[in-house]
Amino acid sequence: MKYQPSKKFRVGVIGATGMVGQRFLCLLDNHPYFEVTVLAASGRSAGKAYAEVIEGRWKLDLPIPEYAKNMVIVDASHVEEVASLCDFVFCAVDMKKDEIRAMEEAYAKAETPVVSNNSANRGTPDVPMVVPEINPEHLAVIEQQRRRLGTKRGFIAVKPNCSIQSYVPLLTPLLDLKPTFVTATTYQAISGAGKTFREWPEMIDNVIPYIGGEEEKSEKEPLKVWGTLTENGIVPASSPVFDVQCIRVPVTNGHLAAVFVKFEKKPEREEILRRWKEYRGIPQELELPSAPKQFLTYFEEDNRPQTGVDRMLENGMGIAAGRLREDESGPYDYKFIGLSHNTLRGAAGGAVEIAELLCAQGWITAKD
């Protein structure tokens, strides 16, 4: 049943000047659920109009939303001030992990829910790390988190790492077939580092076979997404075993993955394709504004999906797949290609969809 709030929720964006913050502002322009009422960033930007601060620093190929240009930026460390101006916040700051954890907990304790793009709290057992189509039941751990924090409405929810969005959604419909081992190599866009080619000319005509910290996240985070909700928080799944390499490639947006998977019992190819085609989640049932109508799309062409051609599938919120074939000469059962848009599905768009779900399910409410 389609959800529609009686009035728009007031939203703050913390880290509004960075690339993900910029993407938040564009996605929230004329959003049917949300109205941006406060922008926050570092003390260096506080007290200035957003357009003034962002001059020469705007990274997207979309224009700066008109509503944001004259908004005066508030110091993100002034938690009570920011919290007084909104019902909840999106967080996409560039800080040390311990500083991010402290800031996000401060907002939660100020009874202001935090929907975070940051990795600092992804490993916290009572913080849900959610892909709305995959593990919405993990939101129930918010009750445990509130008890720990001593809050009534405040909490933290996070989205997973952008790179895993290109293969975890495609493995999820196959979990009951018991995949035992997954090897993946991800080919990740420079926007994943918050960069453009203008800022990072060294990436033109170049490939870097290492992204700091990315491989560990890519191997561990899927297991939390597929974990079990217990009285001690979310316990990660124990299988399958992941082995991942992460490579930076010279494209603007879009993370592509080459995936090899071994099953306990090998399924038929047609069974995998059927499951991908039919897979739906709660966001599709609720017709959330950011939810793709078709979550997973398989391309039959041998040369698809392509990063530049297919990353905007379903407004950048769909997952593309292709080249599903048996691993006839290797130790795996199947291999395939996955693709997701890293700053939409993998970052700001995924966080906005989480917030839509949190509002639809009553986890986020308007302040009095």
Hey, is CG on Asn30 packed in by over 12 heavy atoms from elsewhere, all under 6.0 Å?
no
Go through the side-chain N and O atoms of Thr230 and Asn232 and say whether any donor and acceptor fall under 3.5 Å apart.
no
Which atom of Asp302 lies closest to which atom of Arg323, heavy atoms considered:
O-CD, 3.2 Å
Side chains of Glu104 and Asn118: do they bring a donor and an acceptor to under 3.5 Å?
yes
Take the angle between the ring planes of Phe242 and Tyr167 and call it parallel below 30°, perpendicular above 60°, tilted in between.
tilted
Of all heavy-atom pairs linking Met317 and Pro292, the shortest is O-CG, 3.5 Å
Looking at Lys293, I'd like to know if its NZ atom is crowded, meaning that more than 12 non-hydrogen atoms belonging to other residues, nucleotides or ligands lie closer than 6.0 Å.
no
Identify every side-chain donor-acceptor pair in residues 90-98 under 3.5 Å, counting partners at least two apart or on other chains, and give the distances.
none

Do Leu39 and Val115 belong to the same hydrophobic cluster, where Ile, Leu, Val, Met, Phe, Trp and Tyr are linked whenever their side-chain heavy atoms lie under 4.5 Å apart, directly or via other members?
yes
Take Arg269 and Glu326, measure what salt bridge (charged side-chain N to carboxylate O under 4.0 Å, His left out) needs, and give me the verdict at the end.
CA-CA 8 Å; Arg269 180 178 184 272; Glu326 294 186 42; over 6 Å; no
Establish, from distance only, whether the side-chain atoms of Glu356 and Ser290 form a donor-acceptor pair under 3.5 Å.
yes
Looking at Arg275 and Glu271, does any basic side-chain N land under 4.0 Å from a carboxylate oxygen?
yes
Ile282 versus Gln361, closest heavy-atom pair with distance
CD1-NE2, 4.1 Å
Donor-acceptor contacts under 3.5 Å from residues 2-13 side chains, at least two apart:
residue	atom	partner	partner atom	Å
Lys8	NZ	His31	O	2.9
Arg10	NH2	Asp87	OD1	3.3

Shortest non-hydrogen contact between Ala320 and Leu170, atoms and distance:
O-CD1, 4.0 Å
Quick one about Ser84 and Glu81 (side-chain donor to acceptor, distance below 3.5 Å, no hydrogens or angles considered), yes or no?
no
Compute whether any side-chain donor of one residue and acceptor of the other, for Lys367 and Thr112, lie under 3.5 angstrom apart.
yes
Under 4.5 Å between side-chain heavy atoms, hopping through other hydrophobics if needed: is there a path connecting Ile354 to Val168?
no
Report yes or no: do Gln284 and Glu133 form a side-chain donor-acceptor pair below 3.5 Å?
yes
Give a yes-or-no answer on whether the side chains of Glu264 and Thr180 include a donor-acceptor pair shorter than 3.5 Å.
no
For Thr172 and Tyr279, test the side chains for any donor-to-acceptor distance below 3.5 angstrom and give the result as yes or no.
no
Do Arg345 and Ser340 have a side chain donor and acceptor closer than 3.5 Å?
no
Heavy-atom count check: over 12 atoms from other residues, nucleotides or ligands less than 6.0 Å from Asp176 CG?
yes
Gln145 pairs by side-chain contact (heavy atoms from CB on, under 4.5 Å) with which of Asp126, Thr124, Asn121?
Asp126
Which class fits the ring pair Phe336 and Trp276: parallel under 30°, tilted 30 to 60°, perpendicular over 60°?
perpendicular
Is Gln245 atom CD crowded by more than 12 heavy atoms from other residues, nucleotides or ligands, each under 6.0 Å away?
no
Please walk me through it: do Leu358 and Phe88 pass side-chain contact (heavy atoms from CB on, under 4.5 Å)?
CA-CA 11 Å; Leu358 287 164; Phe88 74 95; over 6 Å; no
How far apart are the closest heavy atoms of Gly346 and Asn117, and which atoms are they?
O-OD1, 4.3 Å
What one should report as the nearest heavy-atom pair of Lys159 and Ala347 is CD-O, 3.1 Å
List, by chain and number, the other hydrophobic cluster members for Val251, where Ile, Leu, Val, Met, Phe, Trp and Tyr join if side-chain heavy atoms come within less than 4.5 Å, directly or indirectly.
Tyr187, Val207, Ile247, Val249, Leu256, Ile337, Leu339
Check the pair Arg248, Glu202 against salt bridge (charged side-chain N to carboxylate O under 4.0 Å, His left out), reporting the backbone distance first and the verdict last.
CA-CA 12 Å; Arg248 188 73 71 194; Glu202 297 86 355; over 6 Å; no
Of Thr183, Val261, Val182, which meets side-chain contact (heavy atoms from CB on, under 4.5 Å) against Tyr332?
Thr183
Do Ser163 and Ser218 pair up side chain to side chain, a donor and an acceptor below 3.5 Å, judged on atom types alone?
yes
What do the steps show when you test Arg274 against Glu278 for salt bridge (charged side-chain N to carboxylate O under 4.0 Å, His left out), and what is the final call?
CA-CA 6 Å; Arg274 181 187 66 78; Glu278 295 177 358; 2.9 Å; yes
Show your reasoning for whether salt bridge (charged side-chain N to carboxylate O under 4.0 Å, His left out) applies to Lys69 and Glu66.
CA-CA 6 Å; Lys69 289 182 177 179; Glu66 287 296 324; 2.8 Å; yes
